[in-house]
A.B. asks: 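The structure's right below; bear with me while I get my questions together.
Owing to the predicted nature of the structure, the values given are computational and were not obtained by experimental measurement.
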Amino acid sequence: VSLSSGAASYNFSDSAVKSYGDDAVKDLGGGYFGMYAGDADNNGIINTFDYKAVNDNLNKTGYEKADTDFSGIVTESDFQKSETNLFKTSKVPR
């Protein structure tokens, strides 16, 4: 999904495999699926290296990979998304 022209949305409701395989999404119920947040270093798996990526980018604003809660600024709260989804596969293309 390109973000070059502004905000974007993506409909996960069709299928679990619509986003790089069914192990890359969480079933939210009711036919809806969402991607795991927390891969702050974009290496394809959420692990302890993501804590360093968040720490290295603290207080940066805008579209930052380390902004795992999508608030627009990298803060201490971004560590929580990595911790919650630890060892999940993100499978986001690089």
Side-chain angles (χ1 to χ4, degrees):
V1 176
S2 174
L3 298 175
S4 62
S5 62
S9 64
Y10 192 84
N11 184 352
F12 288 100
S13 64
D14 300 277
S15 166
V17 296
K18 211 172 152 184
S19 62
Y20 310 106
D22 59 0
D23 60 338
V25 298
K26 177 171 178 59
D27 186 343
L28 302 173
Y32 294 96
F33 302 87
M35 293 177 68
Y36 291 106
D39 188 11
D41 65 357
N42 199 31
N43 69 352
I45 188 166
I46 301 164
N47 56 31
T48 55
F49 293 111
D50 296 302
Y51 299 138
K52 181 177 179 348
V54 171
N55 192 56
D56 290 348
N57 291 284
L58 281 174
N59 300 314
K60 285 189 177 179
T61 60
Y63 188 70
E64 293 289 331
K65 293 175 190 170
D67 182 16
T68 61
D69 65 1
F70 310 114
S71 66
I73 186 169
V74 181
T75 65
E76 289 83 6
S77 66
D78 293 300
F79 290 108
Q80 182 180 8
K81 295 297 182 194
S82 295
E83 183 176 5
T84 299
N85 294 318
L86 199 59
F87 303 117
K88 301 281 194 244
T89 303
S90 65
K91 288 193 175 179
V92 175
R94 291 181 243 310

A.B. asks: So, using side-chain contact (heavy atoms from CB on, under 4.5 Å) as the criterion, who are the partners of T84 when residues are at least two apart?
C.D. replies: Q80
A.B. asks: Are K60 and N57 close enough that a side-chain donor and a side-chain acceptor fall under 3.5 Å?
C.D. replies: yes
A.B. asks: What's in the same ILVMFWY side-chain cluster as Y51, cut-off under 4.5 Å, chained through other members?
C.D. replies: V54, L58, V74, F79, L86, F87
A.B. asks: What are the two closest non-hydrogen atoms of S82 and G38, and how far apart are they?
C.D. replies: OG-O, 2.7 Å
A.B. asks: Check whether D50 reaches the backbone of N47 with its side chain - one donor and one acceptor, N or O, closer than 3.5 Å.
C.D. replies: yes
A.B. asks: What distance do N55 atom CG and E76 atom CD have between them, rounded to the nearest 0.5 Å?
C.D. replies: 8.5 Å
A.B. asks: Tell me whether D41 contacts the main-chain N or O of A53 through its side chain, where contact means a donor paired with an acceptor under 3.5 Å.
C.D. replies: no
A.B. asks: Could you pull out the closest heavy-atom pair between A40 and A66, with the gap in Å?
C.D. replies: CB-CA, 3.7 Å
A.B. asks: Quick check: does any side chain N or O of D67 sit under 3.5 Å from a backbone N or O of G72, one acting as donor and the other as acceptor?
C.D. replies: yes
A.B. asks: In Å and rounded to the nearest 0.5 Å, what is the OG1 to CD distance from T68 to E83?
C.D. replies: 11.0 Å
A.B. asks: Is it true that a side-chain atom of N85 and a backbone atom of K88 form a donor plus acceptor pair closer than 3.5 Å?
C.D. replies: no
A.B. asks: Between D69 and D78 (side chain of the first, backbone of the second, donor and acceptor by atom type, cut-off under 3.5 Å), is there such a pair?
C.D. replies: no
